[in-house]
Amino acid sequence: MPEPGKKPVSAFSKKPRSAEVAAGSPAVFEAETERAGVKVRWQRGGNDISASDKFGLAAEGTRHTLTVRDVSPADQGSYAVIAGSSKVKFDLKVIEAEKAEPVPGPAPAPAEAPGVPGEAPTSATEVEGGSPSLEGSSSAAPDGHSAPDDPIGLFVTRPQDGEVTVGGSITFSAHVAGASLLKPPMVKWFKGKWVDLSSKVGQHLQLHDSYDRASKVYLFELHISDAQATFAGGYRCEVSTKDKFDSCNFSLTVHEAIGPGDLDLRSAFRRTSLAGGGRRISDSHEDAGILDFSSLLKKSSSFRTPRDSKLEAPAEEDVWEILRQAPPSEYERIAFQHGVTDLRGMLKRLKGMKRDEKKSTAFQKKLEPAYQVSKGHRIRLTVELADPDAEVKWLKNGQEIQMSGSKYIFESNGAKRTLTISQCALADDAAYQCVVGEDKCSTELFVKEPPVLITRPLEDQLVMVGQRVEFECEVSEEGAQVKWLKDGVELTREETFKYRFKKDGQKHHLIINEATLEDAGHYALRTSGGQALAELIVQEKKLEVYQSIADLTVGAKDQAVFKCEVSDENVRGVWLKNGKELVPDSRIKVSHIGRVHKLTIDDVTPADEADYSFVPEGFACNLSAKLHFMEVKIDFVPRQEPPKIHLDCPGRTSDTIVVVAGNKLRLDVPISGDPAPTVIWQKTITQGKKVPAGPALDAPGDAGASEEWVFDKKLLCETEGRVRVETTKDRSIFTVEGAEKEDEGVYTVTVKNPVGEDQVNLTVKVIDVPDAPAAPKISNVGEDSCTVQWEPPAYDGGQPVLGYILERKKKKSYRWMRLNFDLLRELRHEARRMIEGVVYEMRVYAVNAIGMSRPSPASQPFMPVGPPSEPTHLAVEDVSDTTVSLKWRPPEREGAGGLDGYSVEYCQEGCSEWVPALQGLTERTSILVKDLPTGARLLFRVRAHNVAGPGAPVTTKEPVTVQEILQRPRLQLPRHLRQTIQRRVGEPVNLLIPFQGKPRPQVTWTKEGQPLASEEVSIRNSPTDTILFIRAARRTHSGTYQVALRIENMEDKATLVLQVIDKPSPPVDIRVTETWGFNVALEWKPPQDDGNTEILGYTVQKADKKTMEWFTVLEHYRSTHCVVSELIIGNGYYFRVFSHNMVGPSDNAATTKEPVFIPRPGITYEPPNYKALDFSEAPSFTHPLVNRSVIAGYNAILCCAVRGSPKPKVSWFKNGLDLGEDARFRMFSKQGVLTLEIRKPCPFDGGIYVCRATNLQGEAQCECRLEVRGEEPTGPEPRMAEEAGHQLGLCFLARQLLWLKGQ
């Protein structure tokens, strides 16, 4: 029996296989579940499939079938079948008819490879809880997958979740689009968050890659063989190219292998399939029959694999509670999913949490093993003591917690002690202990950090090449961990030579010191609570001239100023005179302030007349102008000369002077006359139409041809102020500081003296930048684009408008981004590259030869929103004489504007006029179109609508004939109802029988040919099925039921056999037929009531008369007589018998009335006779004495070994004299080893030494010669000789002991 808590194997006993089908042919996929009555769903592309003209669904018992009729290339793709928490994926590939090979869908798969018993076929992917697995993820052709929705995604097919049995193999596949890649992508496989699998390649793990040149798709595979339980967990696949990055997470589930006992038990009750009679049942469950659950009795449920409780999603995730209940193989996956980075510390703390604590006498209620609290919240740790007066200490990481402000609060309420921690921070994530005397209890506090939110997003930026770029984003937490990404690829610290990352409190900065064209793209800042996205546009550096230098005409000693303005204030430049660089001095000055460059020449002389140029550094640009020196020609006249005004080249054209607004206007008018004339300056004030934005005036004569007229003349006589007149003897100077539009007009200079007068009209034209245009208007808003329109400015500044500059910004931002660098000539522009769902504003600038106008007011805010795509899976659900029922599924893309509803229209076949089927929009995905003309052939179409308007329509493929279809009645009797239906007494009976037929058929139920009584059973009918329901079954409900389906004169019938079973009655007439020795023979008769089912056996029990405790002797015994053996002599016994059927044992038992006594037979004990053995032995020396030569003055030892029984008496002799009385000789005997020690011998002690051993069995002796040398050596040798003697004696002693031990 499988252990509880193990992960379940598949809910399918037979799984559908991927197939290749010729276009126009049907495709059939079959699946079989382990038990009947399981609800099965079929899906395509993640959407449920329902029965229609295209798809046929059938279910008979445990067998479920999906039929795809008239297969077309549009049907190609990935399909799935779901039963409970198991999901199996398979693929349908459509090939051309002439190239097709017959590959039937439901055909049996080849035999499974050896060494992987019990593993599901690898042609389909299977998932627990809805995730795909096994090798099926790699079986789909790349053509069958659509491009990813992510604009920067690389995967065509992502690796899917998988499951495998211990010892089996599995392959994960990833398809990467290579059509737009210049080099092969880099792919890395990871286990968990850190382990790179490229370093683990070996016997159990291989990495493969290939390239399909036809489809231009790269295939990367991770193959795991001989899977172990430790292989389970989370995996990740990362693919990267030069400028793109993508990743995908998936998990592997490893199931325990099913034991041989389970397989044998299941196969013993498995019936072969009736279809295909000759096919055998294989171990891989292919083409296997259904289980005969009627033969498994009550205990059959014990063989079902329990469901995995972890597949149910918890209402509130507690990471420590999940870890406590998870197996060790799941730790890494759980840590990755919940963002736990300190895996080693987590495991160490978890080990302490799981350690069994000893029973405590000081605590009645201890702390929980772990607590979890969000950062900034409060947590209370409470214990309950056995002694209410006991003192407690609270420790944090082994250190006692002291009272400090309001951070820690200690409470005591009776036997309860509470520690409250306020404003929990990450530093409070630690181990806590409550200590009472020598006893303590521990817990772990896990502080969960809240998600980091983005409070101020990034802003789009537009820069020139070489400029500095700084992105700034503000988040909700100081010091939060963030990631910077460019086009989906994370920017790492290794790239600090290019990027700089800076943190300033809650602000995060990304700095690019010198931007290049490669830096353009989308930049994102990602946090745990979201991300901010902005676009960086890098343009080639281009210099624009806002104001060019103009020709000047000045007189002697006057000042000449050349001024120009460019777009970049950091640009330096060089001034040239006739092509040569101009060197500044005390008279010639060069200045650069912001975007304005000036050349000032004081005290102009004739030598200063030349061509002057300004050349910006780094740009192919040259600004040129000419300086004219004005000479005064005075002819000699006699006195009383009439006044005369001498003007030579007063401007670019005769009598017209052009000045830029804001510049200084100085008119030097030379005069002559004697006596000195009086000079009068007057300005003609005119009134007329304001010149609109358009071409500039080409000639001074145009002014006279305009619709202006003279209104008045103003006398100019001030000598100080912004407009002033200065007159000397030979000239009159008119000066205007900072020319304005009001200074434009015709100025009259009149000179008078007594001789006469002279008058000249000077036309002054002030040119300026245009006025700001009106706010632009936005139209044709699309998914990422819009059309911007605007009107010309009311005043063009006196110069024709050269073009326009357009800017945009996000509504909540303050940074405007320029959309064009080349001037726009038209009054409309289509703006692109906007982000859908973001609110934008637009403004426009007008540009003429003088410069750029002020910006226009911002346009009305607008949001780029695209219309939704077309609805999917439009199908006709039902048709009657006047109605058509349609259903569809939502579009794959709704857009940022959401979905407002659907519109439904229809039209006659061959007609182009579409008629709305309903007024307004509907939010439902189905509709019943009523009041249609009977017999008409209509086409239907459905559109999805949002704020951007209607999307593309989806239209029925064929016209629908509005006419009731007569369908023959047919009962679809499920397989499990075709055999005898067994229910226990008291159980509900719910029999559901689907049927087909149009119009709605009439259903009739009978029992044994008689109508059913309404008080006994309930009948419920619907348009598609009929249900027979009995709330509590009784034995009387057993019998044969018939259901009839009738439409007019057509009828279909089905018969059902219901058997209501109950426990049997006990056996009858139990009696003891014979007693002998330790045995008793019993006999009984079968029960009178078998419970309406077969008696499967009997249980025989015995009970001692003294204790009356019952013990089972026989179980599942089929016969009605038996022999009970191994009874105890002298005891009395009662016997009883229970009867069993498939419901269970009988409630009562048949028991013997009188006890059966086992008599004691007479037996006399006779002890055995044993023969005595003689172990006596005469003495014998196993090791004799050895001749020795010793040195006088040092102890000598003589050793020998003797054996004998009884123990012999030992005597030592020297030259025939007994040494027993001499004190200089010591004799030892231990375990048969005999030793004679001679203390400090002298030469007189030399001679023959004899050792004699005597007992009752005899006598033995051995002798040796001892020589004592008189010379006493010097140095350490005497001691060495003495030690050698001792060691020799010990050696003899050890050898003798070993020998005796062996005997």
* With a distance cut-off below 6.0 Å to the six-membered ring centre and an angular limit of 45° from the axis, does Lys396 pair with Tyr432 as a cation-pi contact? ->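 Geometry flag: not set, cation outside 6.0 Å or 45°.
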
Any donor and acceptor pair, going by atom type alone, linking the side chain of [X] with main-chain N or O of [Y] inside 3.5 Å?
{"X": "Gln433", "Y": "Ala431", "answer": "no"}
{"X": "Asp429", "Y": "Leu426", "answer": "no"}
{"X": "Asp246", "Y": "Val239", "answer": "no"}
{"X": "Thr443", "Y": "Glu368", "answer": "yes"}
{"X": "Arg158", "Y": "Ser247", "answer": "yes"}

* Ignoring hydrogens and angles, state whether a donor on the side chain of Glu30 or Thr65 is under 3.5 Å from an acceptor on the partner side chain. =>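 No - no donor-acceptor pair under 3.5 Å links their side chains.
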
* With a 3.5 Å cut-off and no angle check, do the side chains of His255 and Thr165 form a donor-acceptor pair? ->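 The criterion, which ignores hydrogens and geometry beyond distance, is not satisfied for Thr165 and His255.
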
* For Ser210 and His208, run side chain to side chain contact (heavy atoms under 4.5 Å, CB included): C-alpha distance rounded to whole Å, both residues' side-chain angles, the deciding distance at 0.1 Å, then the answer. => CA-CA 7 Å; Ser210 61; His208 306 287; over 6 Å; no

* To do: Check the pair Val81, Leu66 against side chain to side chain contact (heavy atoms under 4.5 Å, CB included), reporting the backbone distance first and the verdict last.
  => CA-CA 9 Å; Val81 58; Leu66 167 65; over 6 Å; no

Working to the nearest 0.5 Å, report the span between [atom1] of [X] and [atom2] of [Y].
{"X": "His175", "Y": "Glu221", "atom1": "NE2", "atom2": "CD", "value": "7.5 Å"}
{"X": "Glu32", "Y": "Arg975", "atom1": "CD", "atom2": "CZ", "value": "6.0 Å"}
{"X": "Asp91", "Y": "Arg17", "atom1": "CG", "atom2": "CZ", "value": "12.0 Å"}
{"X": "Ile224", "Y": "Ser169", "atom1": "CD1", "atom2": "OG", "value": "9.5 Å"}
{"X": "Phe446", "Y": "Cys424", "atom1": "CZ", "atom2": "SG", "value": "12.5 Å"}
{"X": "Phe220", "Y": "Lys188", "atom1": "CZ", "atom2": "NZ", "value": "13.5 Å"}

Is the shortest heavy-atom distance from the side chain of [X] to the side chain of [Y] under 4.5 Å?
{"X": "Val176", "Y": "Val156", "value": "no"}
{"X": "Cys237", "Y": "Phe172", "value": "no"}
{"X": "Pro451", "Y": "Thr527", "value": "no"}
{"X": "Leu205", "Y": "Trp189", "value": "no"}

* Evaluate the side chain to side chain contact (heavy atoms under 4.5 Å, CB included) criterion for residues Arg44 and Tyr79: first the C-alpha distance (whole Å), next the side-chain angles of each, then the deciding distance (0.1 Å), finally the verdict. => CA-CA 4 Å; Arg44 179 191 178 193; Tyr79 293 76; 3.6 Å; yes

* Who are the side chain to side chain donor-acceptor pair (under 3.5 Å) partners of Gln531, not counting sequence neighbours? ->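 Result, side chain to side chain donor-acceptor pair (under 3.5 Å) vs Gln531: Arg526.
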
* Asked: Can you list the residues that meet the side chain to side chain donor-acceptor pair (under 3.5 Å) rule with Thr230, with sequence neighbours excluded?
  ->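 So Thr230 forms no side chain to side chain donor-acceptor pair (under 3.5 Å) with any residue.
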
* Nearest heavy-atom pair of Lys366 and Val383: which atoms, and what distance? ->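 Minimum heavy-atom separation between Lys366 and Val383: C-CG1, 4.3 Å.
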
* **Considering all heavy atoms, the nearest Val164-Ala227 contact** =>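 Reported closest heavy-atom pair: CG1-CB, 3.8 Å.
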
* Please list, chain by chain and in numerical order, all residues satisfying ring-ring contact (aromatic ring centres under 6.0 Å, His included) with Tyr218, sequence neighbours excluded. =>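 Partners of Tyr218 under the ring-ring contact (aromatic ring centres under 6.0 Å, His included) test: Tyr211.
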
* Neighbour count above 12 (heavy atom, 6.0 Å) for Gln206 CD ->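 Above 12, so yes.
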
* Determine, step by step, whether Trp42 and His64 satisfy the side chain to side chain contact (heavy atoms under 4.5 Å, CB included) criterion, reporting the C-alpha distance in whole Å, the side-chain angles of both residues, the deciding distance to 0.1 Å, and the verdict. => CA-CA 10 Å; Trp42 298 86; His64 303 266; 4.1 Å; yes

